[in-house]
Amino acid sequence: MIELLLRPSACGHISAAHSSAIVPRQPTTPQLYLKALNEMNDQTKAEFDAYSSTYDAAVNDAIAFSGLKVDYFTRVKADYLTDLITDHFGDALPSILDVGCGVGNFHPLLSDRVGSIAGVDVSKASIDQARERNPGVCYKSYSGERLPFDDKTFDVVFTVCVMHHVPPAQWPLFAAEMKRVLKPGGMVAVFEHNPRNPLTQRIVSNCVFDKNAVLLRSEKTRSLIQQAGFTDLIERFILSIPPSGRFLRSVDLLLGRLPFGAQYFIKATA
C-alpha cells in the first residue's frame with residue numbers, strides 16, 4: 001500500500017494533433033523557437049476559451065454518427081480511471097490532479113472515490129466554469145508549461161485527451177511535469193485518441209477545436225512517459241466495444257492488447 005501523505009481539499013491546502021496536421025518546423029534560433037511555442041500555446045488557449053461554454057455541444061456534434069453523447073465517454077473513462085486507482089492504492093483515497101481539466105466534466109464522477117481533486121488548464125474561461133460547477137475542487141489556470149504546484153504534491157496525476165493539443169516540442173516537458181508533482185510511488189494515467197482507428201480520425205477531423213491537434217500513437221506516448229522516469233507501464237486500447245458496466249469493461253480490456261480501440265491509456269508509477 002502506498003502511503004497517502006496529504007489529502008488537500010482546496011487550493012489553500014495545496015502547495016503552491018491530429019495525425020494529418022502539419023507540425024511546424026523548428027525555427028533556426030532559440031528566440032524564434034520560443035516565439036513559435038508561445039504563439040502555439042496562445043492559439044490553444046484562445047480556441048478553448050472560445051468553446052468553454054459550448055464544449056459538450058461541439059463534441060456531441062463530432063460524435064453524432066455514433067449515436068452516443070460525450071457524457072457516456074466521460075463516464076466510461078472515469079470508470080477506467082477509478083479502476084486503475086483502486087488497483088494501485090487499494091481502499092485508500094488519494095489526492096489527484098487533472099491536467100487539462102477543461103470545464104471539470106470528470107470531477108463529479110470522481111469526488112466520492114478519491115480524497116481530493118485539483119485541476120489545471122490553459123483556458124481561464126474553462127477554469128472559471130469548472131469552479132462554478134464544482135466549488136469543492138481546487139482549480140488553477142496555468143501557462144501550459146510548469147504546473148503551479150510543488151514537487152511531490154499528488155498521489156495521482158491524470159490527463160484525458162489533452163496531449164494532442166500540446167505543441168509536440170513541449171511533449172517531453174508535459175510528461176516531466178506530471179512526474180515532478182507526483183509523490184514517489186504515485187500513479188500517472190494518460191488517456192489519448194488512437195490515430196490507428198478510422199472512426200477516431202473521423203471524430204477528430206469533425207471537431208472544431210481539434211483542427212490543430214497532433215495525435216500521438218501509443219508508442220510515442222509510452223516513450224515520453226518512460227523518458228520522464230516512470231516505471232511499470234501498462235498500456236491498453238479501449239473503446240473497442242461500448243464498455244458499459246464492469247463486465248463489458250473487462251471484455252474491452254481483453255481486446256485492449258490489439259490496437260483497434262478508439263482510444264488508449266497508459267498507466268505508470270512515479
Side-chain angles (χ1 to χ4, degrees), residues 17-19 55-56 59-91 94 96 98-102 105-114 156-165 178 187-207 210 213 215-226 230 232-269:
H18 188 260
S19 63
Y55 173 87
D56 288 358
V59 176
N60 283 332
D61 285 345
I63 63 176
F65 69 90
S66 71
L68 299 169
K69 299 287 188 180
V70 64
D71 288 348
Y72 169 80
F73 294 101
T74 301
R75 286 194 303 272
V76 166
K77 284 178 281 190
D79 287 340
Y80 271 122
L81 179 62
T82 53
D83 286 348
L84 293 172
I85 290 172
T86 299
D87 288 345
H88 197 88
F89 293 100
D91 294 331
I96 70 172
D98 181 357
V99 181
C101 65
N105 282 346
F106 281 90
H107 302 162
L109 302 172
L110 302 172
S111 59
D112 63 345
R113 310 182 192 187
V114 299
V156 176
V157 176
F158 71 99
T159 185
V160 180
C161 296
V162 171
M163 288 189 72
H164 61 268
H165 294 293
M178 292 193 291
M187 185 193 98
V188 69
V190 178
F191 290 79
E192 265 300 334
H193 293 314
N194 177 16
R196 293 182 172 91
N197 184 294
L199 294 181
T200 295
Q201 291 280 7
R202 176 177 174 180
I203 290 169
V204 171
S205 65
N206 288 338
C207 193
D210 277 341
L215 298 187
L216 299 85
R217 287 195 170 196
S218 61
E219 57 265 33
K220 178 61 178 178
T221 306
R222 184 172 63 246
S223 174
L224 290 164
I225 294 300
Q226 288 174 324
F230 290 97
D232 302 325
L233 274 69
I234 297 173
E235 174 187 330
R236 292 292 183 274
F237 293 88
I238 59 173
L239 298 168
S240 297
I241 60 172
S244 296
R246 184 174 295 276
F247 173 74
L248 288 180
R249 283 204 308 279
S250 66
V251 175
D252 195 33
L253 286 176
L254 284 175
L255 300 172
R257 295 181 184 276
L258 303 174
F260 302 139
Q263 296 184 1
Y264 63 87
F265 67 75
I266 292 177
K267 178 257 188 188
T269 301

So, taking the atom named [atom1] in [X] and the one named [atom2] in [Y], what distance separates them when rounded to the nearest 0.5 Å?
X	Y	atom1	atom2	result
Leu239	Asp252	CG	CG	6.0 Å
Phe191	Phe106	CZ	CZ	7.5 Å
Leu81	Ile96	CG	CD1	6.5 Å
Leu255	Ser250	CG	OG	10.0 Å
Cys161	Gln263	SG	CD	4.0 Å
Asn105	Asp98	CG	CG	10.0 Å

Quick one: are [X] and [Y] in side-chain contact, heavy atoms under 4.5 Å?
X	Y	result
Pro259	Tyr264	no
Ile241	Leu248	yes
Ser240	Leu258	no
Val190	Met178	yes

Salt-bridge criterion met for Arg236 and Glu192 (N-O under 4.0 Å): no

Check this for me: does any side-chain nitrogen of one of Asp79 and Arg113 sit under 4.0 Å from a carboxylate oxygen of the other? yes

Mark yes or no for whether [X], through its side chain, and [Y], through its backbone, hold a donor-acceptor pair below 3.5 Å.
X	Y	value
Thr159	Val99	yes
Ser223	Glu219	no
Asn197	Phe260	yes
Asn194	Ala262	no

[X] versus [Y], closest heavy-atom pair with distance:
X	Y	value
Gly261	Phe237	N-CB, 4.0 Å
Pro243	Val76	CG-CG1, 3.6 Å
Leu84	Ala189	CD1-CB, 4.3 Å
Ala268	Phe230	CB-CB, 3.7 Å
Leu224	Leu216	CD1-CD2, 3.9 Å
Phe89	Met187	CE1-CB, 4.2 Å

Quickly, which of Lys77, Lys267, Arg246 forms a salt bridge (Lys or Arg N to Asp or Glu O under 4.0 Å) with Asp83? Name it, please. Arg246

Please identify which of these residues, Arg217, Lys220, Arg222, meets the salt bridge (Lys or Arg N to Asp or Glu O under 4.0 Å) condition with Glu235. Arg222

Between Ile225 and Leu233, does a side-chain contact (heavy atoms from CB on, under 4.5 Å) hold up when you go through it step by step? CA-CA 8 Å; Ile225 294 300; Leu233 274 69; 4.1 Å; yes

Hey, can you tell me if Tyr80 and Phe265 have their rings parallel, tilted or perpendicular (30° and 60° cut-offs)? tilted

Once the angle between the rings of His193 and His164 is folded into 0 to 90°, is it parallel (under 30°), tilted (30 to 60°) or perpendicular (over 60°)? tilted

